[in-house]
Amino acid sequence: MKIATWNVNSMRVRLPHVRGWLAEQRPDVLGLQEIKMPTEDFPQADIEEAGYRSVAYGQRTYNGVALLSREEPADVGVGLPNFPDEQRRVIAATYGEVRIINLYVPNGQSVDSEKFVYKLAWLEALREYLAEQLEQYPQLAVMGDFNIAPDDRDVHDPDAWRGKVLCSDAEREHLQSLLSLGLTDVFRLFEQPEGTFSWWDYRAAAFRRKMGLRIDLILVSSKLASSCSASSVDIEPRKLERPSDHAPVFAVFE
DNA sequence: ATGGCGCGCGCAGCGCGA
């Protein structure tokens, strides 16, 4: 089974990239974030032409998530059950025995903003939800745009970013508390090239200059971790015309 | 190097992202 996550920064604009990537990589499940359109506008027919089912949880202008899959999804859930929120950031579904939760974690803007307070509260509610889901689903994958770089290795210039949003101790501690539930960041199960990132600012030629962060993650339960055979970032779509600022990240399970 | 870029909205220029 191959699963992947990709913040597409507008599904309308990125539909050709998504279709191309599905055709080339053939993931079993692809989680999308920042589709930036209402659920009813999601291009389900175009995705079906590519051989994929889809479930979306979208809204106008901001946020929005979707799950594309070769198999029919079961038990679709949206949102965090313990955190009423107008912002649409979570969609979950079960494929066979595997539960997949697709996330768009709040950005947080800056560590002294109200949005940062919201981000930390959101992460606390996420931890409670994941604790409950782990009890229910031994084979659990939680993937998406976490908007947290787990470690200095995941930051092109750790000193410049130290303490800043996406890299602060408070955010990293929240991520650690998710991992403490029994989840593993599968990317780090394997030897990786130094300076592997999943997001690069559109400004300042950040991609060309390899100035990025790894903030798109795939966390899995121990049962899935033991069967994981690969995990990588595919930076090729970031080189296309009008790219998303994020690259897809995938993991393979035997 | 925070400013630049790119998105939606909507038709100018702003809010937002990370």
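Values below: all heavy atoms of this structure, side chains included; hydrogens, waters and symmetry mates excluded. Reminder, nothing fancy here: chain letters follow the sequence lines and each chain counts from 1.
Counting to the nearest Å, the C1' atom of B:dG8 and the CZ atom of A:Arg88 are 17 Å from each other. One interatomic measurement links the two molecules: CG of A:Asn9 to P of B:dG8, which rounds to 8 Å at whole-angstrom precision. As a whole-Å value, the separation of A:Arg238 CZ from B:dG6 P is 9 Å. At whole-Å resolution of the value, CG in A:Asn107 and P in B:dA18 are 5 Å apart. Atom pair A:Gln87:CD and B:dG17:P shows a separation of 8 Å (rounding to whole Å applied). To the nearest angstrom, C1' of B:dA18 lies 12 Å from CZ of A:Arg89. Here the C1' atom of nucleotide B:dC16 and the CG atom of A:Asp201 are 13 Å apart, to the nearest Å. In this entry the distance linking NZ of A:Lys36 with C1' of B:dG15 reads 10 Å, nearest Å.
Within 4.0 Å of A:Val13, counting heavy atoms only, lie sugar-phosphate atoms of the nucleic acid but no base atom. Counting non-hydrogen atoms under 4.0 angstrom, A:Tyr104 reaches the backbone sugars and phosphates but no base.
Side-chain contact check for A:Gln133 and A:Arg99: at least one donor-acceptor pair (N or O, by modelled atom type) lies under 3.5 Å. In the model, A:Asp85 has a side-chain atom that pairs as donor or acceptor with a side-chain atom of A:Tyr118 under 3.5 Å.
Using a 4.0 Å cut-off, no side-chain N or O of A:Arg203 falls inside it from OP1 or OP2 of B:dC5. The phosphate of B:dA18 (OP1 or OP2) has a side-chain N or O of A:Asn7 nearer than 4.0 angstrom. Note on A:Arg60: every side-chain N or O is 4.0 Å or more away from OP1 and OP2 of B:dC7. Residue A:Tyr202 places none of its side-chain N or O atoms closer than 4.0 Å to OP1 or OP2 of B:dC16. An OP1 or OP2 oxygen of B:dA18 is reached within less than 4.0 angstrom by a side-chain nitrogen or oxygen of A:His246. Side-chain N/O atoms of A:Arg14 include one lying less than 4.0 angstrom from OP1 or OP2 on B:dC7.
Listed nucleotides B:dA18, B:dG4, B:dG8 differ in distance to A:Asp245; the shortest reach to its side chain belongs to B:dA18. Listed candidates were B:dA18, B:dC7, B:dC16. Nearest to the side chain of A:Lys115 is B:dC16. The listed nucleotides are B:dA18, B:dG4, B:dC16; the one nearest the side chain of A:Tyr62 is B:dC16.
With contacts defined as side-chain heavy-atom distances shorter than 4.5 Å, the pair A:Asp154/A:Leu213 does not qualify.
Under the Watson-Crick and G-U wobble criteria, each requiring two contacts below 3.5 Å, nucleotide B:dC16 is paired to B:dG6.
Separating the C1' atom of B:dG4 from that of B:dC9 is a span of 22 Å, rounded to the nearest Å. Nucleotides B:dG13 and B:dT2 are separated by 26 Å at their P atoms, to the nearest Å. With P as the reference atom, B:dC14 and B:dG10 are 16 Å apart, rounded to whole Å. Across B:dC11 and B:dG6, the matching P atoms stand 23 Å from one another, rounded to whole Å.
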Taking it one step at a time, do A:Arg19 and A:Glu49 satisfy salt bridge (Lys or Arg N to Asp or Glu O under 4.0 Å)? CA-CA 9 Å; A:Arg19 285 195 59 160; A:Glu49 276 178 30; 3.2 Å; yes

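Between A:His246 and A:Trp199, the angle of the ring planes lies from 30° to 60°, which puts this pair in the tilted group.
Between A:Arg209 and A:Asn63, it is A:Arg209 whose nearest contact on DNA chain B lies nearer the 5' terminus.
Just one of A:Asn147, A:Thr5, A:Asn63 meets the side-chain hydrogen bond (donor to acceptor under 3.5 Å, both in side chains) condition when paired with A:Gln33; it is A:Thr5.
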